[in-house]
Amino acid sequence: LSLTMELRRQNLEGQWFLLVHPSTGLHKPDIQVLLELLENMTQRGATFVLVDNREEFSEAVSKVIDFGA
C-alpha cells in the first residue's frame with residue numbers, strides 16, 4: 001500500500017488503513033517521518049490500525065492492545 005496516493009486527498013474521513021510492521025527496515029529518523037505522516041492523515045479523518053512492536057508507535061497511539069505474555 002502506498003500512502004502517498006492518499007496524501008493528495010483532502011478528506012480521509014472514514015478511511016481505514018491496516019499497517020503490519022510498517023517499521024521494518026526503517027531507522028529511528030525514518031520512523032519519526034512515518035509518525036508525522038500518520039498524524040497528518042489522522043487529522044484529516046483517517047484511522048490506522050498498526051501491528052508493530054516498536055516503542056515509538058506505542059508512545060504515539062491513542063490505544064494499545066498488547067497480546068504479549
> When rounded to the nearest 0.5 angstrom, what distance separates CE in Met41 from OG1 in Thr47?
Replying inline: 10.5 Å
> Between Arg44 (side chain) and Arg9 (backbone), is there a donor-acceptor pair under 3.5 Å?
Replying inline: yes
>> A side-chain contact here means heavy atoms from C-beta on lying under 4.5 Å apart; do Leu34 and Ser23 qualify?
In response: no
>> Do Leu7 and Leu37 have side chains that approach each other closer than 4.5 Å (heavy atoms only, starting at C-beta)?
In response: yes
>> Once rounded to the nearest 0.5 Å, what's the spacing between atom CD1 of Ile31 and atom CD of Glu55?
In response: 10.5 Å
>> Is any side-chain heavy atom of Leu38 closer than 4.5 Å to one of Phe17?
In response: no
> Mind checking whether Trp16 and Val20 sit in one hydrophobic cluster, side chains of I, L, V, M, F, W, Y counted as touching below 4.5 Å?
Replying inline: yes
> In Å and rounded to the nearest 0.5 Å, what is the CG to CZ distance from Leu50 to Phe57?
Replying inline: 6.0 Å
